[in-house]
Every structure is written in structure tokens, then in C-alpha cells.
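Down below is the structure, laid out as C-alpha cells.
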Amino acid sequence: MSKTIIVSNRLPVRTTEKDGEYVLAPSEGGLATGLGSIYRDGHNVWIGWPGLEVTEQKDQDRIQRELATMNLKPVYLTQDEINNYYEGFSNETLWPVFHYMSTYARYEQSYWDCYYRVNEKFRDVILETAEPGDIIWIHDYQLLLLPGMIRAALPDISIGFFLHIPFPSFELFRLLPWRAELLDGMLGADLLGFHTFDDSRHFINAVTRLLPINASSNVLMVNDRAVIAEPFPMGIDYERYGSMVNNPDVKDQLKQLKDNFNDIKMILSIDRLDYSKGILQRLQAYELFLQLHPEYTEKIVLYMIVVPSRDNVPQYIYLRDEIDKLVGGINARFRTINWHPVHYFYRSFPIETLSALYHFADVGLVTPMRDGMNLVSKEYVASRTNNDGVLILSEMAGASRELIDSLIVNPNNIGAITRAIEEALVMPKPEQYRRMKQMRQVVAKFNIAHWVKLFMTRLQEVKQIQQSMLARRLSPDMQHQVQQQYQKAEKRAIFLDYDGTLVGFNVNIDLASPDQELYKLLQQLTADPRNEVIMISGRKHETLSEWLGNMNMDLIAEHGAWTKKQGARWKKIPGLTDQWKQDIYSTLDTYTDRTPGAFIEEKSYSLVWHYRKVEEGLGELRANELTNTLRYYTNDKGLQVLPGDKVIEVKNVEINKGRAAINWLQDRHYDFVMAIGDDHTDEDIFKALPEDTISIKVGSQVSAARYYLRNFHEVRQFLATLV
Ligand code: GDG
């Protein structure tokens, strides 16, 4: 039976040492709760680092057995690996770049080497367990290479990947010396999940700019596999935070808070120690607030919890010192005998304490510089069972896309945070209720269980999409069947497109002439008296004459405007006009002047605007503009605007490859018709030809063709098997 394997850097256990023995206990983070229903079930398993260094083999074995009873499986890391893979590459290279703090990033080859080796180590542990048919869900930035490594070993297995931190804009991501390797690793997954739409957009952008991979909206074609990248905003265990208020311990703590902060309004701040969390800016804003609003003296308090984290990385030590100084300064400056304005704790607390604070605090102040999601903001909302309280939230947190009824601030704008604090403190109750209710609905619905379900369902769907695409692939088996049909046939018609079908895409359009291998193949194909080969292309008729005029084949040029039977002269479709060309030419010319690299190609009955040499992105932008402009000009003129592969073509509507192919077949009888083409002008042929045609698309995109081959190399190989 197939199973699900969860993989993350850290296993959901807390390990403590007691009297020289390790004691393991399940930890209760949000992710562990959400995935609990999965990994605890049946043969499923969660693989990761147990969080401590275990060197002795007998200890490793014992811990492994103990973990196995909780469906967990360890990957043991050495101290050197923790230093270089975890603290090094993950936290000193990837973390700052992905959080837009690239000046903090260190690009150390030794970090990278170790990161690579540890990802291999994870792979090896997974491969001890994984079998074809299993589902693997990998988490986060410590394991970006792992999907690719598993894919190489188990090509058909289902792999999902979720990134818990932001995916940066291409301009940041490109800084990484190992950027292509990282993307290749991630693309081993079938489904890539991110917290926000922007993150997934940045990822797709990075892939299409750095790798020779095309995207059609959020689908990336990786070799033959459709890989999907999209947002899955992570939620929390909503019910749990709501119901905790009934827990006796929470009730006690709540009572104490009420006694201690009787008439005082509390602003709550909870984060891990991290420069991405905007803790210093938050303190500066609070200081400014106290300075501007002396009337709040002894009436408010900032309750600030900072949970120790990564405190042997230099920037974190520095940050901790700065927080200490700032808090000290604020308290020294504004305190009175009975009151100090900041209550600062540098340690972690049990969840019951957090819950009491979430319930008690009048304002939740969450102002990260960058945050993948930020669960604290959602936990605050989920705990507000009375529907009151105000959340101030940074627009740089993923959560701000969902919690739109919070007071949203730019965390770099100290003045804006200060004003938001004031707005929160004076906000009338009805307004608080209105906002909080809306946010509670969102957090309730998009909870952690919902997130897990959406992701897993989508992962299955992606596999189905891949399988249905695979069914269309002209595999060696199916090629064999086509060969048999071909052998039996007495009279065959073979329509071949040229660019993209028989030759590759060339940045210089004149450099795509046939090579010796292609000439030989076409000669063999046309030498069989049972074959009629028709080259059907968008190229100028002069070009086809020059390249293929002496061959034993028929030519159809300019998408069907010109036809030439073997040995005969070129004929054009009667009644075509080219009067329109002057007007359209000047429009295309305007766009060429504005777009470096663009050029115009003139054919007898069409004009083509090429942007294959234009900067990525700009070309597409101009092409869209141009298409819209052309639609306006070509309306009612009997013209068609045809977007293609890095081209926009304007031509008479009467000209159409499908129509040309049908005309060509008229009054003739064949027992084998085949058509091969790559772009969407060829779709007209696939649609027009009789149903039993062997239609083959080059490339695995959606198509009317029955089969597909991956590229022109495969087309040549396939044709070679026929001759
Ligand atoms: C990463 C991404 C993304 C905090 N203090 C204590 C404590 N916590 C708990 C909170 C919350 C969690 O830690 C923190 O989660 P965040 O989402 O706020 O931030 P990161 O740790 O940076 O998490 C982040 C997240 O992954 C999930 O994808 O949202 O953007 O950076 O649940 O309650 N828990 C206990 N004691 C504490 O003192 N028990």
C-alpha cells in the first residue's frame, strides 16, 4: 500500500537530556499539528533531524527505535553539518537573500558543498523507505535540492514541496551563485506551494529567466513533466486557540494579567529573534508614540516577547544587543515609579501563557520587514473570541494578503506605525468588532487542516494532469503501432511544418536552413513512391524555394498563400490583396522604433513583427500592446492577427494552414495521413484534417493533435524509423 512521507529539516520532537539519557517528546508547533493527521496514520512517516547531535551508534539506534513508535525517522547530522548546512548555507545565505536582506548574505563554497551533501543525506534516508506510488511532501528552504535528488532516483514518484519563507523577486534571487542548481532542485517536485501569489510569481519568473524552461501561466514544463507552482496560504489550528480560554491554567494567567494591568492597555508583540521581524523599528515607533502622546503615560504597556533563535550567528547577537539597549533606553526615559512602558522577555513561554496574552492584549502589533506568512498574527485573531481587539500588521507579511481588515502598515514607516498605534487605542468597539469578525472568518476557514487538504488534493490532481499528458506521448510502443500502419499503407500524405518541427528555434531567422542530416532524411522520405511529402510553413515562398525547391516534395508557403507542386511553378490563392500592408507596416514600425531588438519581416501577403531578440519581459509587454493596437486597426479589414512563438503575424484571413491542407487533399485518396507541427498555426491543420490522421504536436502543451513528441530531435528520430 502506498504511503505518505513528510520531510522537513527538523522532526516534530523536543529532545532533552536527563541523567545522561535522551528523552523525546512530541512538539506541538502549528505544522506538526496540521500534519499530525497524516504522519501518525498507518505506515506514513515523517523524516528529519531530531534536533541534537548523537554520535554513538548505540544511542542512534535506540533513538531511532523510539522515534519509530511515533512514526518518525531520524536523519543524524554532525556538528560540522549543523554549522555549515544549517547555520551556514540555510541561515546565513538563503535566509537573508530570501528575506530581501542580501547585504547580510555570505556566499561560501564550503557552506554550499555541505548543503549539497546534507540534502543527499536526506535523500538516502528517504530512499530507504520510499517506494513507487508513495507521496513525498518536502518542507522549506533547508531542503531545496532534495526534490530533484529524489526525482533522479524515483522518476515517477509524487513530490510536493512547500516553502515557508518568502520567495524573493528575481533581482534578489539572481545574486545567489548557485541559483540554477537551486531551481533545478526545486523543480524535481510536481507541485510547489508558496504562502502568497507574489511568491509563486517570483519563483516562476526566476525559473523562466534562468533556465531554458517555459511557463504557461503557473504550469512549467520540465522535460515532459508539468510542474505547477501556486499559493497555499498556511493557516493555524483555529479551534485550539479559540477554546484555550477555557483551559484552567490559561484562566489563572488571564486573571493575573487582569489584576496586574487593571486599567492599562496592552500592546502585544511576539517573535523569534530575527532581523526580518522588524523588532527595532517597532520599538522606535513605540518610543516616538510615547514622546508624542504623554497623555498615555501609565496607561499603556508594550509586552514584548522575543524567543531566542540562532544566537550564535553574528547578526543575531548584534540584534539582541540593540534590542536590549533600545528597551533600556525607552524604559529609562519614560518610566515612572509605578510603571515602565516596555515589559521585555528574551525567552520562550508555554503556549498557555501565549494564549492568555493573546486573549488579554488590546492590540496585536506585528510589523515584520519580511515574513513568509506570520502565524502570530493569525493566532491573535483566533484567540479574540469576544471579537474585539485590533491587529496592526505589516504589509510585508504574507498574512496581510488575507487579514485585510487589520491596520496595515509599511514597517519602514515609523510614523505610520505610530499613527496606527494611536488609531488602535482609540478605535470604537463597533469598529473593532466589524474588523475582527471578518478576520476571524478568514482564519477559521483557511485553517491548518484546510491547508493540508488543499495541498494534498492538488498534488494528486497534478499527477493526473501529468498522466493524461503522458497518454498522448508518442512513446516507442505507439511509434511502433504507427510504423505498422505506415507499412501497410499504399498511398501516404505527410504534412511537415518546418521551424520548431524539423529544426530548432534560432535567434537569427536566416540561420535555420536545413542541415545535411535533415536533407538526407527528407530525401529518404521522399524517395518512397508511396509517399507524398508536403512542407507547409509560414516562411516566404522564396526561402522555401531556395532551401527545398529541388526536392521531391510539394511546398506550401506563407501559411498557405502560395502552393507549389513538384516541378511546377508557385501559385497563389486568387483574389488576395496586399493593399493593407502600408498602413499596418507603419504601426509595426512605430513599435520597432520603441523596442530594441525587434524587427519586421515582410512576406507577400503578411507582415511579421519579431521579438525573439528583445529583452525578456519587454518583448511580451510590447507584443501585448501591439496585439491590442492591431486588433483595432485590422477590424473589418479581412485581416487576422496571429500571435506565435516570439512573433506577431498579420495576414489575410483567407490564408490558413488548415484550409491549405484540406485544399491539397481534395479529390485525392490516401490511406495514411500524417501531420507534424509545433505552433498554433499548425493547430489549424490538426483540426482540419480527417479524424484518423496521425497528428503530432511538437511540445507537450494543450493541443488538438492526438500525439506529441518533445522536440525536433525526436521528430527526426521518429521519421528515421519510418524510412
Ligand atoms: C516561519 C516563517 C511562517 C512564538 N513564541 C513562542 C511560541 N511561538 C510560536 C508562535 C507561532 C510560531 O512560534 C512562530 O511562527 P511565525 O509564523 O510567526 O514565524 P517563524 O517562526 O519565522 O516561521 C513564517 C512560518 O514559518 C510558517 O510557515 O509563517 O513566515 O518565517 O506559532 O505561536 N510558541 C511557544 N512559546 C513561545 O514563546 N510555545
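First listed ligand is number 1; within each ligand, the first listed atom is number 1. All residue numbers in this chain count up from 1 along the given sequence.
Of all heavy-atom pairs between Gly193 and Phe232, the closest is CA-CD1, 3.7 Å.
The aromatic rings of Phe162 and Phe455 sit perpendicular to each other, their planes meeting at more than 60°, with 30° as the lower class boundary. Between Trp46 and Tyr39, the ring planes are perpendicular. Angles over 60° get that label, and only those under 30° would be called parallel.
Remark: aromatic rings of Phe261 and His343 are close, center separation under 6.0 Å.
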Exercise for review: With side-chain hydrogen bond (donor to acceptor under 3.5 Å, both in side chains) as the test, would you mind laying out the steps for Ser90 and Gln142 before giving the verdict?
Suggested key: CA-CA 5 Å; Ser90 300; Gln142 300 92 350; 5.5 Å; no
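With sequence neighbours excluded, the residues forming a salt bridge (charged side-chain N to carboxylate O under 4.0 Å, His left out) with Arg201 are Asp198, listed by chain and number.
For ligand 1, the 4.0 Å heavy-atom shell takes in Trp95, His164, His195, Met234, Ile270, Arg272, Lys277, Val307, Ser348, Phe349, Ile351, Leu354, Tyr358, Asp371, Gly372, Met373, Asn374, Leu375, Val376, Glu379, ordered by chain and residue number.
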